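Right, one structure below, let's go through it.
This is a predicted model, so every value here is computed, not measured.
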Amino acid sequence: MEYEPVIGLEVHVQLNTESKIFCGCSTKFGSDSNTQTCPVCLGLPGVLPVLNEEVLKKGILAGLAINAKIASYSKFDRKNYFYPDLPKAYQISQYDKPICEDGYIEIPVKNGLKKIGIKRLHLEEDAGKSIHSETPGNNFSFVDLNRTGVPLAEIVSEPELGSGDEAYEYLQKIKTIMKYIDVSDVNMEEGSLRCDVNVSVREKGAVKFGEKVEIKNLNSFKSVRASINYEIERQIRMIESGEKIVQETRLWDADSNETYSMRSKEDAHDYRYFPDPDLAPIILAPEYIEEIKKTLPELPDAKLRRFVDEYSLPEYDSSVLTSVKQLADYFEETVKLGANPKKASNWIMSELLARITNPEEIKSFHASPGMLAKLLALIEDGTISGKIAKTVFEEMTATGKGPEQIIDEKGLKQVSDTGEIDSMIDAVLKNNQKSVDDFKNGKENAFKFLVGQVMKESKGKANPILVNDLLLKKISG
Amino acid sequence: MKLDEKLISRVANLARLELTDEEKQEFTKQLSDIIEYVEKINEMPTGDVIPADHIVDLKNVFREDRASASLDRSEIEKIAPKFEMGHIVVPRIIESIE
């Protein structure tokens with residue numbers, strides 16, 4: 001029997017506002033526990049939540065970036081459940097009137113691109129954090145409410161992902177887009193991007209979905225992929241041995257690489273949503289949305305296409321350069337300052353990316369686009385060789401000095417004086433008579449060896465083209 | 001609409017209320033009476049009426065994104081049933097919901 005998995009993702013993106021969604025408490029990460037709370041966060045009686053407009057704007061921008069329709073009418077609802085990290089006993093979320101619906105993104109698959117539908121994007125408040133004591137017999141949990149009320153956008157995909165790899169690509173794309181439009185830090189380790197997965201398996205071609213399982217406790221893109229692969233295998237195994245799959249929530253154990261069932265009460269999902277009477281509906285004029293649309297920057301897919309068209313770069317180069325906005329900006333700045341696009345791309349992908357751990361921080365990198373453009377120009381006009389240029393680049397990144405200054409200080413200027421090269425060649429030929437004879441007897445490699453020796457003699461500074469020409473003249477003549 | 005004890009037990013459980021058998025009986029009757037009374041509303045033709053999500057005629061009430069001072073932690077300590085090492089202490093939570 002052949003099976004096909006059906007996968008949907010729920011991604012929570014923490015919006016990077018200064019203050020919380022419904023009160024003025026700071027959203028700063030890593031402060032002392034319970035120092036960023038107020039009566040609204042604590043759910044004290046009589047408080048009134050008021051929507052942070054920046055949350056709304058960022059939510060709309062995110063919706064536009066994933067090609068979603070922005071609702072002209074939207075509202076907040078209460079999702080009721082008891083849990084100590086949510087003192088009100090309800091989470092303010094959006095139920096039937098989310099701010100954005102019906103979007104899509106495209107992800108790379110084996111033979112091209114695949115469109116993945118996005119059902120909705122809605123706004124909600126985050127809950128607090130609880131720490132459970134590891135000490136046996138200690139029957140307490142410790143609650144920190146700093147995160148309570150931090151704004152989230154929840155992005156729910158259609159069940160259109162077909163594998164762990166596709167889920168991985170989807171997450172990668174969501175992350176890149178959210179970074180490009182600067183609505184979130186999307187850092188899975190710090191919790192500003194979180195992901196729950198729904199997986200079911202059905203016979204290939206079947207119309208009906210299989211019973212779905214939700215996986216939680218995923219803290220990296222890799223664990224999302226691995227847990228999906230595990231879950232698909234597990235469900236197929238169950239079906240084949242005649243067992244029934246039950247709808248449940250399972251947790252991912254990254255140490256043992258397995259999912260395990262989270263025993264939960266049947267009524268855990270009876271959230272009894274109703275409109276939050278404390279919050280007024282959001283009714284948006286088309287102009288309001290249009291204003292936000294104007295601030296939408298060029299998105300990664302469009303930028304990639306433009307890099308291919310405008311700079312004639314290979315697809316691969318373009319995808320690397322546009323994977324991080326700051327990197328793409330760096331490249332374009334270098335080209336604008338006169339560098340050849342393909343050469344600039346080569347240098348950025350090999351030399352630059354090897355020396356920088358986080359390309360988002362390229363602004364603080366010592367070697368500026370101006371310096372790189374200058375360096376490429378100096379190779380072009382023969383002042384230095386490509387090999388020496390690497391040494392100069394290294395020095396540039398370490399000291400922040402310009403390429404010309406480094407070349408002057410270190411005496412790295414390429415030797416193009418034929419007289420000087422001639423005398424170096426003479427010295428090399430004198431000491432390598434055997435190689436000269438080998439060459440005359442038809443051994444091509446002997447010539448390369450001799451060129452290498454001359455370059456060595458010049459400490460890499462001799463113009464390699466001149467060395468070639470002069471050497472050839474000398475030993476053939 | 002008649003409510004039965006099963007439904008009352010379920011609602012009580014969702015609200016984390018513990019009811020005795022007598023209370024269940026009593027509330028089943030009371031709540032049934034109330035619902036029956038309110039059901040009169042269903043006689044109104046409401047097919048063309050847009051549901052009112054909000055009873056006050058307000059829209060787009062926003063605040064500016066500016067961080068302001070939070071409460072001093074000692075204020076939380078005063079009202080929390082138990083507070084230790086900067087945290088509110090609660091009975092151990094085994095399962096997690098969200």
When heavy-atom pairs shorter than 4.5 Å are enumerated against chain B, which of A:T35, A:I283, A:L56, A:D276 gives the highest number?
A:I283
A:V50 and B:V61: side-chain contact (heavy atoms from CB on, under 4.5 Å), yes or no, with the steps?
CA-CA 7 Å; A:V50 184; B:V61 181; 4.1 Å; yes
Would you compute the distance between atom CG of B:D53 and atom CZ of A:F274 and round it to the nearest 0.5 angstrom?
12.5 Å
As an exercise, state the distance from CD1 of B:I88 to CG of A:D144, rounded to the nearest 0.5 Å.
8.0 Å
Just checking, any donor-acceptor pair under 3.5 angstrom between side chains of A:Y288 and B:N60?
no
Would you kindly say whether B:R73 and A:T37 are connected by a side-chain donor-acceptor distance under 3.5 Å?
no
Closest contact, heavy atoms only, B:R63 versus A:I21:
NH1-O, 3.7 Å
Quick one: pull up CZ in B:R66 and OG1 in A:T17 and give me the separation to the nearest 0.5 Å.
14.0 Å
With rounding to the nearest 0.5 Å, note down the distance linking SG in A:C25 to CG in B:L71.
7.0 Å
What is the distance from atom NZ of A:K58 to atom CG of B:D65, rounded to the nearest 0.5 Å?
7.5 Å
Heavy-atom pair with the smallest gap, counting every atom of B:G86 and A:N34:
O-ND2, 2.7 Å
Dump the intermediate steps for side-chain contact (heavy atoms from CB on, under 4.5 Å) on A:E54 and B:F62, then the final yes or no.
CA-CA 9 Å; A:E54 199 58 26; B:F62 305 141; over 6 Å; no
As an exercise, state the distance from CZ of B:R92 to CZ of A:F142, rounded to the nearest 0.5 Å.
10.0 Å
Residue pair B:H87, A:I131: steps toward the side-chain contact (heavy atoms from CB on, under 4.5 Å) verdict:
CA-CA 9 Å; B:H87 287 80; A:I131 308 161; 3.6 Å; yes
When A:K20, A:K97, A:K75, A:K28 are compared by non-hydrogen pairs under 4.5 Å with chain B, the top option
A:K75
Could you tell me which of A:P84, A:P87, A:C41, A:S74 has the largest number of non-hydrogen atom pairs under 4.5 Å with chain B?
A:P84
Between B:H54 and A:L279, what is the shortest heavy-atom contact and its length?
CD2-O, 3.2 Å
Could you look at A:Y73 and say if it's the side chain, the backbone, both or neither that has a heavy atom under 4.5 Å from chain B?
side chain
Pick one of side chain, backbone, both or neither for B:L58, based on which atoms fall under 4.5 Å of a heavy atom in chain A.
both
So which part of B:I79 gets closer than 4.5 Å to some heavy atom of chain A, the side chain, the backbone, both or neither?
side chain
For atom CG of B:D57, decide whether the heavy atoms of other residues, nucleotides or ligands shown that lie under 6.0 angstrom number more than 12.
no
Of all heavy-atom pairs linking A:S26 and B:S70, the shortest is N-OG, 4.4 Å
Closest approach of A:E18 and B:A67, non-hydrogen atoms and distance?
OE2-N, 3.4 Å
